[in-house]
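First up is the structure itself, then whatever we jot down about it.
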Amino acid sequence: MIEWMAIHLLGMPPLESTTGEGVDALIVWVHLLMLALFIGWVAYFCYAVWRFHHKRNPRADYDGVKSHASNYIELIVAGVEAVLLCGVAIPVWAKAVGQFPDANKSTLVYVMAQQYAWNVRYAGPDGIFGRQDMKYVSTGNVFGVDPNDPNGKDDIQLLNEIHVPVNKPVIVYVSSKDVIHSFKVPSMRVCQDAIPGLRIPCWFIPTQIGKFQINCAQLCGPGHSAMTGGYLTVESQADYDKWIKSKTPLPASTSGGSIFE
């Protein structure tokens, strides 16, 4: 029922991860609360217009309202909000930040946002990310990978292209090169601000093969709309392995040099 309401009533894209049910539940319940408040306020407005029409009240009443019904309604609304906070929002947040999957059994991806694109980095076949340092950051090396670190020679760097295998946890380490961005994949129900100087992890488990758009959930400048040029491709493990192999840099002896030199 929650999923149906999220998709058909709120216009959200179909859920394609195992970690988004709580997010959908929170969004739906908050909208239901807002709908109830909207109906209640409209009904009260109509009643007030009718009840206090000048024909029924030709003279002002200086005693005011003696009923405490509004206080009780306010307490009820506050109670519902407390239930949503403690019963839905906090558990969803706790799972997102406190139940990270094992990194050794997950797909690890580094994402560096910039105006106006997504830089993506993989560890390569050796599974080890090369050392990073801010002093190495440049136009061609946005992650600041140490060119002298052999572990970084096979690292893969791409633009606006993320591939992950289906039914396997994905941990994305998000940062920014310039201003505050926000890495958002609506179909996966994942959203994480990208803040300069910080590397913040978020995770999800994709359940469907397909291609999903990446959005920036923060207004990051006049070219903000160009951030929709990034895509997350979910594929089988075999197809993912082939893709990783096709993107792996050739050895220096074959290619004539490293991409980081």
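Sequential numbering from 1 along the given sequence is applied to the chain's residues. Because the structure is a prediction, the values reported are computed rather than measured.
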Side chains of [X] and [Y] in contact at under 4.5 Å (non-hydrogen atoms):
X	Y	result
Leu158	Ile156	yes
Val120	Gln157	no
Glu74	Ile76	no
Ile180	Pro196	yes
Ile162	Thr233	no
Leu232	Lys211	no
Asn167	Pro206	no
Glu161	Lys247	yes

Notebook entry, point to check: With distance as the sole criterion, is a donor-acceptor pair present between the side chains of Asp146 and Gln132 under 3.5 Å?
Noted result: no

Item checked: Short side-chain donor-acceptor distance under 3.5 Å, Asn141 and Ser138 ->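 No, because no side-chain N or O of Ser138 sits under 3.5 Å from a partner of the opposite role on Asn141.
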
Taking distance alone, no hydrogens or angles, what donor-acceptor pairs closer than 3.5 Å link side-chain atoms of residues 30-54 to residues at least two apart or in another chain?
| residue | atom | partner | partner atom | Å |
| --- | --- | --- | --- | --- |
| His31 | ND1 | Ile27 | O | 2.8 |
| His53 | ND1 | Lys55 | N | 3.1 |

Check: Can you name the residues that form a side-chain contact (heavy atoms from CB on, under 4.5 Å) with Met1, not counting sequence neighbours?
Finding: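 With neighbours one apart ignored, the set is Met5.
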
Margin query: According to side-chain contact (heavy atoms from CB on, under 4.5 Å), who are the partners of Ile128, at least two apart in sequence or on a separate chain?
Written below: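 Only Asp126, Asn151 meet the side-chain contact (heavy atoms from CB on, under 4.5 Å) criterion with Ile128.
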
Any chance you could measure [X], atom [atom1], to [Y], atom [atom2], to the nearest 0.5 Å?
X	Y	atom1	atom2	result
Ser236	Lys168	OG	NZ	12.5 Å
Ser176	Gln114	OG	CD	8.5 Å
Ile209	Glu16	CD1	CD	11.0 Å

In one Ile/Leu/Val/Met/Phe/Trp/Tyr side-chain cluster, 4.5 Å: [X], [Y]:
X	Y	result
Ile7	Leu15	no
Val83	Val77	no
Leu75	Val80	no
Leu159	Tyr116	no
Trp118	Ile195	no

Check [X] against [Y] and note the closest heavy-atom contact, atom names and distance.
X	Y	answer
Asn119	Phe143	O-CZ, 3.5 Å
Asp155	Gly130	OD2-N, 2.8 Å
Val166	Gln208	CG2-N, 3.8 Å
Ala194	Ala113	CB-CB, 4.1 Å
Pro165	Gln237	CB-OE1, 3.4 Å
Tyr122	His163	OH-O, 2.6 Å

Next item on the list: Go through the steps for Val174 and Cys202 under the test side chain to side chain contact (heavy atoms under 4.5 Å, CB included), then give the verdict.
Entry: CA-CA 8 Å; Val174 183; Cys202 60; 4.1 Å; yes

Margin query: If we check side chain to side chain contact (heavy atoms under 4.5 Å, CB included) with Phe204, which of these qualifies: Thr18, Val170, Ile171?
Written below: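 Of Thr18, Val170, Ile171, side chain to side chain contact (heavy atoms under 4.5 Å, CB included) with Phe204 is met by Val170 alone.
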
Donor-acceptor list for residues 181-188 side chains, cut-off 3.5 Å, not counting sequence neighbours:
| residue | atom | partner | partner atom | Å |
| --- | --- | --- | --- | --- |
| His181 | NE2 | Asp178 | OD1 | 2.8 |
| Ser182 | OG | Asp193 | OD1 | 2.9 |

Note to self: For a side chain to side chain contact (heavy atoms under 4.5 Å, CB included) check, start with the C-alpha distance between Tyr231 and Asn160, then their side-chain angles and the critical distance, and finish with the verdict.
What the structure shows: CA-CA 6 Å; Tyr231 285 91; Asn160 289 333; over 6 Å; no

Next item on the list: Let me see the working for Leu10 and Val28 under side chain to side chain contact (heavy atoms under 4.5 Å, CB included), right down to the final yes or no.
Entry: CA-CA 8 Å; Leu10 301 182; Val28 168; 4.1 Å; yes

Using atom types as modelled, flag every donor-acceptor pair under 3.5 Å from a side chain in residues 88-109 to any protein atom, sequence neighbours excluded.
| residue | atom | partner | partner atom | Å |
| --- | --- | --- | --- | --- |
| Asp102 | OD1 | Asn104 | N | 3.0 |
| Ser106 | OG | Asp102 | O | 2.7 |

Next item on the list: For Met227 and Gln115, run side chain to side chain contact (heavy atoms under 4.5 Å, CB included): C-alpha distance rounded to whole Å, both residues' side-chain angles, the deciding distance at 0.1 Å, then the answer.
Entry: CA-CA 8 Å; Met227 301 296 286; Gln115 295 173 312; over 6 Å; no

Check: Above 12 or not: heavy atoms from other molecules or residues under 6.0 Å from CH2 of Trp29?
Finding: no

Margin query: Given the ring of Phe129, does Arg121 sit roughly above its face, with NZ or CZ under 6.0 Å from the centre of the six-membered ring and within 45° of the axis?
Written below: no

Check: Mind checking what makes salt bridge (charged side-chain N to carboxylate O under 4.0 Å, His left out) contact with Asp149, not counting sequence neighbours?
Finding: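 By the salt bridge (charged side-chain N to carboxylate O under 4.0 Å, His left out) rule, Asp149 matches Arg131.
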
